[in-house]
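To start, the structure under review is shown below, and the notes come after it.
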Amino acid sequence: LRSMLLLMIPSAFGAAVYQINVLIVTLLASFLPDGSVSYLWYADRVSEFPLGIFAIAIATATLPTLSDHAADKDINSLKETINYSLRLTFLIAIPSMVGLFLLSGLSISVLFERGEFGPTTAVATAGALMIFALKIPFVSGVRNLVPAFFALRDAKTPVYVAAFAVIINGVVALLLMKSMLHLGLASALVVSSGFNFVLLFYMLRRKIGPLGYKRLAISVVKTCIASLIMGAAILFLREFLNIGSITSLWVRGSILISLIAVGVLIFVAVTRLINLDEYHALMGLLKRRKNP
């Protein structure tokens with residue numbers, strides 16, 4: 001039990017570095033004009049929606065398998081599981097990033113714009129959400145890399161990397177907050193999340209060898225292509241419907257749901273055409289979510 005706790009506590013810190021960085025930028029936002037803390041808080045809550053539904057679920061589901069492979073010293077199977085979890089994570093995180101980026105204004109308007117949360121606040125929050133959307137693939141990737149170190153009984157590396165990420169987050173935030181205000185703080189989170197993922201990936205590769213980079217890169221490129229096609233369709237429909245002229249909350253909400261549905265259908269259809277393996281993996285994940 002003592003060994004498990006000694007391994008668990010630092011690993012938890014390594015996995016929770018994003019939340020620590022959120023706390024830092026929130027504290028720094030308190031020195032900015034009124035409303036900055038709220039802009040970041042609301043935007044972060046919305047951006048964590050896809051993380052909570054899929055990224056954390058995938059990371060949690062793969063940990064027992066990773067632990068089994070590590071205990072059996074089956075490094076090839078361990079690497080294959082890591083590669084698969086990253087491909088599946090990016091398959092969901094990248095289109096989520098694109099969709100949230102393009103629909104940030106409409107999403108914030110539908111979810112929060114009422115009462116004292118007026119148009120000015122909605123615009124400022126939507127700006128933060130657009131930037132926060134960019135960190136979704138990085139945070140999702142980190143959530144799926146840290147369990148690999150945990151399975152290998154290496155709690156130190158994620159902690160060291162997390163400490164560097166916290167420092168980078170603080171430095172970038174201080175450099176950008178004066179000129180970009182709360183958008184600079186949001187950008188610092190993106191930069192630190194990207195650094196955290198890239199360095200963890202590099203350290204894991206050094207530890208266990210190549211992780212199937214070519215296969216992962218091909219999958220990510222195909223996912224990006226499908227996401228761009230989906231994004232182009234959403235952008236066209238968003239401009240065609242002239243959403244800015246619609247004042248009814250129910251109509252705007254219906255349009256938001258419709259655009260999300262259309263985007264999902266287009267992404268799935270394109271993925272089936274150009275990335276059949278990941279399509280089957282995605283369908284299997286959705287079936288498991290529907291029938292746990």
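The figures here come from the full heavy-atom set of this structure, side chains too, leaving out hydrogens, waters and symmetry mates.
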Inset, instruction - State whether Glu278 and Lys222 are salt-bridged, where the test is any N-O pair (Lys NZ or Arg NE/NH1/NH2 against Asp/Glu carboxylate O) under 4.0 Å. - result: no
Legend entry - Face-on cation placement of Lys135 at Phe132 ring, 6.0 Å and 45° thresholds: yes
Legend entry - Ring-face cation contact, Trp250 with Arg252, 6.0 Å cut, 45° max: no
Legend entry - Gap between atom CG of Leu228 and atom CE of Met230 - 0.5 Å precision: 8.5 Å
Inset, instruction - Report yes if the side chains of Leu91 and Ser219 come closer than 4.5 Å at any heavy-atom pair, otherwise no. - result: no
Inset, instruction - Check whether the ring centres of Phe117 and Tyr42 lie less than 6.0 Å apart, and answer yes or no. - result: yes
Legend entry - Reported CD1-to-CG distance for the pair Ile82 and Leu216, which is rounded to 0.5 angstrom: 11.5 Å
Legend entry - For Asn83 against Arg215, the heavy-atom pair lying closest together: OD1-CD, 4.1 Å
Inset, instruction - Would you kindly confirm whether Met130 and Tyr39 end up in one hydrophobic cluster when ILVMFWY residues are joined by side chain heavy atoms under 4.5 Å apart? - result: no
Inset, instruction - Determine whether the side chains of Ser193 and Asn196 contain a donor N or O and an acceptor N or O closer than 3.5 Å. - result: no
Inset, instruction - Find out if a path of hydrophobic residues (ILVMFWY) with successive side-chain heavy-atom gaps under 4.5 Å connects Trp41 to Val123. - result: no
Inset, instruction - Taking the side chain as every heavy atom from C-beta outward, state whether Leu129 and Ser47 have any atom pair closer than 4.5 Å. - result: yes
